[in-house]
**Q** 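Below is one structure. I have some questions about it.
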Amino acid sequence: MFPLLSAAILLSGLAASTGIAQPKPLTEYDLPGLDNTVSLTSLDPWDVVQLIEFLAHRGGLNNMVIGPGVSGLTTKLKFENVTVGDALEVVLSVNSLAYEVRGGIITIMTDAEYQSQHGASFYDNKEVKVIRLKYADPTRIAAILEPIKSTIGTVVADPVTGTLILIDTTSKIAEMESIINGADLSTVSRVLPTETQTFELQYADVEDLQPEIIAILTPEIGEVRVDKRTKTFIVTALPHEMEQVKHLIGVFDRRPRQVFLEAKIVQVSLGDDFRMGVNWDHLFHGIDPRFSLASSSQPGSLSGVAEAVSPAATLTYRTILGNSDLNVVLEALKQVGETKILSNPHVAVLDGEEATIKVVTDQPYAEASLESGTTNVVGETVVFLEVGVTLSVTPRINAEGMIHTTVRPEVSSVVGNYQAFRTVPIVRRSYAETTVLVKDRETIIIAGMIENSKQNTQTRVPFLGRIPLLGALFRTTANQVASSELIAFLTPRIVSGEESHPLSERQGKTLKPMRR
């Protein structure tokens, strides 16, 4: 039904709204000589080309082209005082020949050649009319028109769009239009072939899908009702549109993938030999060869807020291939300095969502409330400031199963107090942010966050160092700089959401010393 409808509508678009433009008779063209009269009687057949040339000569038609396909013989001829134009049209029609007039030149060709150029026969006097019904059933109206149309006419009904396509002569189409206008009444209602189905979403949001579904439906026919509380759609649509709605919901309402994140935030106290931070190439080179640790590194950029005692550093990240033993790396870090695990969180998060892990202490302080427009203190409010370790991670899984991970670790600590109206804590923050692309179960190592702190230490001789004034000779004061590096280990794993999330097996086992 639909291919026929499309073809008919296309044909109607090529024609005028009242039908396909028909060729004008030769007598309607302003060509000199067509009004000349001619008389001819012959009992013998004439070659059709010779007859056309004869009539052209009698009418003085000097601008004429005869196509190569024109051939054949005429039967008996008898013209008595007829115009050259009328005689020429009769000869052409009985031999199924067509003509065109352009720029005063007459081109004569076969009807097949004319159809190949114009898509319709030269002698086809049918027109096409597309009528959209408002109320009546197209199939019922088509049955009423069946005895009205001519033997060469056709009526096509499309009940889905309420459309009638009439293909017939001009007079018959006018007659059928009169009948249609009398039958397409508001008191008659056609039954649309729609269907209604209910869809309950499992994962997607109705607000996201509703405009996509409405775009599929036919206006004034399709309908969508939504219950946000139960995430339910009630869709009324035509059958072919309902299939598109099912496909759309199936694509969007899929179980989202999840990423299980295992993290370790480690603080390493740096000795004098490691003031510039951990040398990871040296660290991995010295690891027990029985462990297979493959890694790669790439420089990043450091973003941090700290006091001037923290020197400039370069953030770097490395990755350790899946199934490697992270405990081996932690043991190796003890060679650098004292190692302290500040946080060891693990959490599952939906694909594309941000997971935030905090191990913090609420540091209280009093905040003064001033009288409007003055500096008079009218009260105070206790404010809590989060101090500790915060790790923000946003994983995104691509089509290849790789995990595009945005990581932002932050460590904050109180380093002093500022005395104004009230005592306000001075907080040092160190943080870094980077984005890496890793495989499933690979461990990301983010390092390079080095913090230096100054400590004043005093040594004195017992008893003598306490003597006023003279005791200064028995006391020494020195400034010591303590350096530490914050290292974040993050292992993302793709999970379906159905299984439990045990920690990686590689975090629990250690090997015995090698035999000598």
Side-chain angles (χ1 to χ4, degrees), residues 2 160 193-219 221-263 317 319-323 345-358 391-408 433-444 489-506:
F2 291 107
V160 175
T194 59
E195 55 185 72
T196 301
Q197 294 192 26
T198 301
F199 301 93
E200 183 178 350
L201 301 183
Q202 300 297 323
Y203 309 102
D205 294 329
V206 292
E207 294 85 353
D208 297 334
L209 276 183
Q210 185 175 5
E212 302 294 336
I213 295 177
I214 292 176
I216 294 176
L217 305 181
T218 301
I221 296 179
E223 182 183 5
V224 179
R225 287 175 289 172
V226 176
D227 183 2
K228 296 181 180 179
R229 181 179 59 86
T230 60
K231 300 179 65 175
T232 301
F233 281 109
I234 302 177
V235 181
T236 300
L238 299 170
H240 70 283
E241 294 175 346
M242 188 64 75
E243 293 301 320
Q244 297 179 39
V245 171
K246 291 179 182 178
H247 176 72
L248 179 69
I249 293 178
V251 170
F252 282 89
D253 190 32
R254 293 187 297 181
R255 175 184 296 166
R257 292 177 292 184
Q258 298 187 58
V259 177
F260 184 66
L261 301 171
E262 299 177 47
Y317 72 82
T319 59
I320 303 178
L321 299 185
N323 300 320
H346 46 275
V347 65
V349 61
L350 292 178
D351 179 25
E353 300 292 334
E354 183 183 56
T356 301
I357 302 168
K358 294 183 178 181
L391 178 65
S392 299
V393 183
T394 304
R396 292 180 176 84
I397 307 172
N398 64 18
E400 298 177 351
M402 301 285 286
I403 305 175
H404 186 275
T405 309
T406 300
V407 188
R408 189 182 190 277
E433 185 170 1
T434 187
T435 300
V436 294
L437 183 65
V438 295
K439 296 180 180 178
D440 183 24
R441 297 175 181 269
E442 279 191 352
T443 297
I444 306 168
F489 298 88
L490 181 66
T491 306
R493 287 192 288 144
I494 301 174
V495 295
S496 65
E498 294 182 348
E499 73 276 16
S500 58
H501 307 304
L503 297 180
S504 298
E505 297 179 358
R506 55 190 172 90

**Q** Please indicate whether E400 has more than 12 foreign heavy atoms, meaning atoms of other residues, nucleotides or ligands, lying under 6.0 Å from its CD.
**A**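 No - once you tally the heavy atoms of other residues, nucleotides and ligands closer than 6.0 Å, there are 12 at most.
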**Q** Drop me the distance from H346's NE2 to L490's CG, to the nearest 0.5 angstrom.
**A** 13.5 Å
**Q** For E243, what residues pass the salt bridge (charged side-chain N to carboxylate O under 4.0 Å, His left out) criterion, not counting sequence neighbours?
**A**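 In terms of salt bridge (charged side-chain N to carboxylate O under 4.0 Å, His left out), with neighbours along the sequence ignored, E243 is linked to K246.
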**Q** If we only count heavy atoms from C-beta on, is the R408 to L391 side-chain gap below 4.5 Å?
**A**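 SC-SC contact between R408 and L391 ruled out.
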**Q** Test T405 against I444 for side chain to side chain contact (heavy atoms under 4.5 Å, CB included), laying out the working first.
**A** CA-CA 9 Å; T405 309; I444 306 168; 4.2 Å; yes
**Q** Taking the side chain as everything from C-beta on, heavy atoms only, tell me whether D227 gets closer than 4.5 Å to R225.
**A**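 No, every pair of side-chain atoms sits at 4.5 Å or beyond.
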**Q** Partners of L201 by side-chain contact (heavy atoms from CB on, under 4.5 Å), sequence neighbours excluded?
**A** A204, V206, L209, K231, F233, I249, D253
**Q** Excluding sequence neighbours, so at least two apart, what forms side-chain contact (heavy atoms from CB on, under 4.5 Å) with T236?
**A** T194, T196, E223
**Q** Once side-chain contact (heavy atoms from CB on, under 4.5 Å) is applied, do any residues pair with E200, and if so which ones, sequence neighbours excluded?
**A** Q202, T232
**Q** Check V245 against L217 and note the closest heavy-atom contact, atom names and distance.
**A**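 Scanning both residues, the minimum pair turns out to be CG2-CD2, 4.1 Å.
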**Q** Mind checking whether V393 and V349 have side chains closer than 4.5 Å, heavy atoms only?
**A**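 Side chain of V393 against side chain of V349, heavy atoms only: no contact under 4.5 Å found.
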**Q** Apply the test side chain to side chain contact (heavy atoms under 4.5 Å, CB included) to residues I234 and V224: give CA-CA distance (whole Å), side-chain angles for both, the deciding distance (0.1 Å), then the verdict.
**A** CA-CA 6 Å; I234 302 177; V224 179; over 6 Å; no
**Q** Between R441 and T491, what is the shortest heavy-atom contact and its length?
**A**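 The answer is O-CG2, 3.7 Å.
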**Q** Between E212 and I214, does a side chain to side chain contact (heavy atoms under 4.5 Å, CB included) hold up when you go through it step by step?
**A** CA-CA 6 Å; E212 302 294 336; I214 292 176; over 6 Å; no
**Q** Looking at side-chain heavy atoms only, is the closest gap between D208 and F252 below 4.5 Å?
**A**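 Result no, sub-4.5 Å side-chain heavy-atom pair not found.
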**Q** Please tabulate, for side-chain N and O atoms in residues 351-358, each donor-acceptor pair with protein atoms closer than 3.5 Å (sequence neighbours left out).
**A**
unit_1 : atom_1 : unit_2 : atom_2 : d
D351   : OD1    : I397   : N      : 2.8
K358   : NZ     : E386   : OE1    : 3.1

**Q** Who are the side-chain hydrogen bond (donor to acceptor under 3.5 Å, both in side chains) partners of Q197, not counting sequence neighbours?
**A** E195
**Q** Restricting to non-hydrogen atoms, name the atom on M402 and the atom on N398 that form the minimum distance, rounded to 0.1 Å.
**A** N-OD1, 2.8 Å
**Q** Is the closest side-chain donor-acceptor distance between T218 and E241 under 3.5 Å?
**A**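 Present: a donor and an acceptor within the cut-off.
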**Q** Are any non-hydrogen side-chain atoms of P492 and V438 less than 4.5 angstrom apart?
**A**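 The answer is yes, as the side chains (C-beta and beyond) meet within the 4.5 Å cut-off.
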**Q** Nearest 0.5 angstrom please: D440 CG to F260 CZ, how far?
**A**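 It is 12.5 Å, given to the nearest 0.5 Å.
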**Q** Going from CE on M242 to CD1 on I216, what distance comes out if it is rounded to the nearest 0.5 angstrom?
**A**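 So the gap between those two atoms works out to 10.5 Å.
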**Q** Which heavy atom in I494 sits nearest to a heavy atom in G401, and how many Å separate them?
**A** CD1-O, 3.4 Å
